[in-house]
K.L.:
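Take a look at the following structure, please.
Model, not experiment: these values are computed from the prediction.
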Amino acid sequence: MPLVDAHCHVFMPELKSRLNDVLARATGEGLRRMLLVGFNEVSSFEALSLASKIEAIKCYAAVGVHPHDAKEVKGEISEELLSLGENERVVAIGETGLDYYRNLSPKEVQREVFLKHIRWAKKAGKPLVCHIRDAYDDALAILKSEGPGKAGGILHCFQGDERQAREAIEMGFYISFACNITYRKNDALREVAANIPLESILCETDSPYLSPEHARGKTNEPANVIHVYETIASLRGMPLDEFADAVWENSIKLLGW
């Protein structure tokens, strides 16, 4: 039963400092693929470097600029970062998007940088990894207006409603659920996971963030993706291995790994 973590940051100090143990626990749960996701230029280089070195699990990278860091781009993505998108180990562009919850970059700057990432992903022919928080309607409107690339993308750590999920799916996006789906008060999100098409679902941890309910307050890690799988399989009334096989096929279809 091969598992996928479709979004993690194991290059961050909380995990990298004990990476061998983190990877051992992940492989023990059946994890076979991880997408290491950059959120600015420095972390994108780190994600690609580490993805190329890890041997215990097949790892790939996504490179881009998070909406929190959009103000640092100053309207232009560097040539150095753009060049990473040509690397064969880089299978997606991002994470990028809109975050109106924390607003660490001005909204107009977030929108400008998001648009540049959409065009970059289309030119590169690679999926787009989107971080969206309290901004789903704006983000979907931008995607519809610009026209997403044929490679589609991922709405990572999805926190929107079913209408928004289905609008994204119609544009070729996959909906990725993180460990917050296990939170006691997240019934609305669990309902989305139960109802959207199986062929559009991915699972992730967003580690070191968003530990599952039983471990809240602790550092999250890729092994915990099993709790996302178990939760959604139960919601959908499916055997865990059948659900895992479906997510595995979804990830291959989107990311080609």
Side-chain angles (χ1 to χ4, degrees), residues 6-9 11-14 35-48 61-85 90 92-124 126-149 151-161 163-165 167-168 171-178 180 186 188-189 204 206-210 220:
H7 194 112
C8 62
H9 309 283
F11 51 83
M12 295 187 70
E14 302 95 312
L35 183 62
L36 279 53
V37 182
F39 47 80
N40 56 26
E41 186 167 326
V42 171
S43 65
S44 291
F45 274 93
E46 291 176 342
L48 177 56
V63 297
V65 179
H66 193 286
H68 290 344
D69 297 288
K71 60 183 181 294
E72 307 299 333
V73 175
K74 298 178 181 177
E76 294 297 333
I77 302 170
S78 74
E79 290 298 324
E80 291 79 7
L81 182 53
L82 289 172
S83 70
L84 292 187
V90 172
I93 303 301
E95 62 185 291
T96 181
L98 304 176
D99 191 316
Y100 294 172
Y101 178 75
R102 297 186 69 186
N103 269 329
L104 297 185
S105 290
K107 290 181 180 179
E108 62 272 16
V109 174
Q110 292 187 46
R111 290 191 285 264
E112 179 183 2
V113 174
F114 184 34
L115 187 60
K116 290 180 182 297
H117 278 76
I118 296 170
R119 292 171 179 170
W120 176 15
K122 290 169 70 175
K123 184 177 180 180
K126 295 184 178 182
L128 185 72
V129 178
C130 299
H131 168 105
I132 305 171
R133 191 169 186 189
D134 287 3
Y136 279 95
D137 287 338
D138 270 13
L140 291 169
I142 290 171
L143 288 166
K144 288 177 183 177
S145 176
E146 180 64 19
I154 304 171
L155 298 194
H156 114 85
C157 191
F158 187 76
Q159 300 180 69
D161 59 30
R163 172 188 62 81
Q164 293 160 340
E167 286 185 18
M171 288 189 284
F173 281 79
Y174 288 69
I175 308 301
S176 186
F177 296 96
N180 59 341
N186 237 344
L189 185 61
E204 62 169 273
D206 199 19
S207 53
Y209 311 109
L210 292 177
N220 198 10

K.L.:
Parallel, tilted or perpendicular: which describes the rings of His7 and His156, with under 30° parallel and over 60° perpendicular?
P.N.:
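Rings of His7 and His156: parallel, under 30°.
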
K.L.:
To the nearest 0.5 Å, tell me how far Ser145 OG sits from Ile118 CD1.
P.N.:
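So the OG of Ser145 and the CD1 of Ile118 are separated by 9.0 Å.
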
K.L.:
Can you give me the closest heavy-atom contact between Ala47 and Ala62, atom names plus distance?
P.N.:
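Distance-wise, the nearest heavy atoms are CB-O, 4.5 Å.
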
K.L.:
How long is the gap from CZ on Phe158 to CG on Leu189, to the nearest 0.5 Å?
P.N.:
7.5 Å

K.L.:
Please check: side-chain N/O of Lys116 versus main-chain N/O of Ile77, any donor-acceptor pairing under 3.5 Å?
P.N.:
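A pair under 3.5 Å: no.
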
K.L.:
If you look at every heavy atom in Ile132 and Ala139, which pair is closest and at what distance?
P.N.:
CD1-CB, 3.5 Å

K.L.:
For the side chain of Glu204 and the backbone of Cys157, is there at least one donor-acceptor N/O pair under 3.5 Å apart?
P.N.:
yes

K.L.:
Could you pull out the closest heavy-atom pair between Pro148 and Phe173, with the gap in Å?
P.N.:
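Minimum heavy-atom separation between Pro148 and Phe173: CB-CE1, 3.7 Å.
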
K.L.:
On a heavy-atom basis, which atom in Ser44 and which in Gly64 lie closest, and how many Å separate them?
P.N.:
OG-N, 3.1 Å

K.L.:
Is the closest side-chain heavy-atom distance between Leu104 and Lys71 below 4.5 Å?
P.N.:
yes

K.L.:
Under 3.5 Å, side chain of Asn186 to main-chain N/O of Asn180, donor-acceptor pair present?
P.N.:
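Looks like yes, one N/O pair under 3.5 Å.
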
K.L.:
Can Trp120 and Leu81 be said to form a side chain to side chain contact (heavy atoms under 4.5 Å, CB included), step by step?
P.N.:
CA-CA 11 Å; Trp120 176 15; Leu81 182 53; 3.8 Å; yes

K.L.:
Write down the atom of Leu210, the atom of Ala178, and the distance for their closest heavy-atom approach.
P.N.:
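Smallest heavy-atom distance, with atoms named: CD1-CB, 4.4 Å.
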
K.L.:
Could you go through Leu48 and Val90, starting from their C-alpha distance and side-chain angles, then the distance that decides it, and tell me whether this counts as side chain to side chain contact (heavy atoms under 4.5 Å, CB included)?
P.N.:
CA-CA 7 Å; Leu48 177 56; Val90 172; 3.9 Å; yes

K.L.:
If you define the side chain from C-beta out and look only at heavy atoms, does anything of Met12 sit under 4.5 Å from Phe39?
P.N.:
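Yes, their side chains come closer than 4.5 Å.
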
K.L.:
Take Glu72 and Glu41 through the side chain to side chain contact (heavy atoms under 4.5 Å, CB included) test and state the conclusion after the steps.
P.N.:
CA-CA 10 Å; Glu72 307 299 333; Glu41 186 167 326; over 6 Å; no

K.L.:
Return yes when atom CD of Glu108 has more than 12 non-hydrogen atoms of other residues, nucleotides or ligands closer than 6.0 Å, and no otherwise.
P.N.:
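Yes.
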
K.L.:
Can you list the steps and then say if Asn103 with Gln110 is a side chain to side chain contact (heavy atoms under 4.5 Å, CB included)?
P.N.:
CA-CA 9 Å; Asn103 269 329; Gln110 292 187 46; 3.6 Å; yes

K.L.:
Can you find a pair of side-chain heavy atoms, one from Cys130 and one from Ile154, that are under 4.5 Å apart?
P.N.:
no

K.L.:
So, the side chain of Tyr136 versus the backbone of Ala165: is there a donor-acceptor pair under 3.5 Å, distance only?
P.N.:
no

K.L.:
What distance do Glu95 atom CD and Leu35 atom CG have between them, rounded to the nearest 0.5 Å?
P.N.:
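The CD atom of Glu95 sits 10.0 Å away from the CG atom of Leu35.
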
K.L.:
How many angstroms lie between atom CG of Leu155 and atom CE of Met171, to the nearest 0.5 angstrom?
P.N.:
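If we round to the nearest 0.5 Å, Leu155:CG and Met171:CE are 7.5 Å apart.
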
K.L.:
Is there a side-chain contact between Asn220 and Asp206, using heavy atoms and a 4.5 Å cut-off?
P.N.:
no

K.L.:
Nearest 0.5 Å please: distance from the CG atom of Asp138 over to the CZ atom of Arg111.
P.N.:
6.0 Å

K.L.:
With a 4.5 Å cut-off on side-chain heavy atoms, are Ser105 and Pro67 touching?
P.N.:
no

K.L.:
Determine the interplanar angle of the Phe11 and His9 rings, folded into 0 to 90°, and report it as parallel if under 30°, tilted if 30 to 60°, perpendicular if over 60°.
P.N.:
perpendicular

K.L.:
How far apart are the closest heavy atoms of Ser207 and Cys8, and which atoms are they?
P.N.:
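So the two residues come closest at OG-CB, 3.4 Å.
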
K.L.:
Please report the interatomic distance CZ(Arg133) to CD(Gln159), rounded to the nearest 0.5 Å.
P.N.:
5.5 Å

K.L.:
May I ask you to say whether Asp137 pairs ionically with Lys144, meaning some side-chain N is under 4.0 Å from a carboxylate O?
P.N.:
no

K.L.:
Checking side-chain contact (heavy atoms from CB on, under 4.5 Å) between His117 and each of Val63, Val129, Thr96, which is the one that passes?
P.N.:
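Checked Val63, Val129, Thr96 against His117; only one passes side-chain contact (heavy atoms from CB on, under 4.5 Å): Thr96.
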
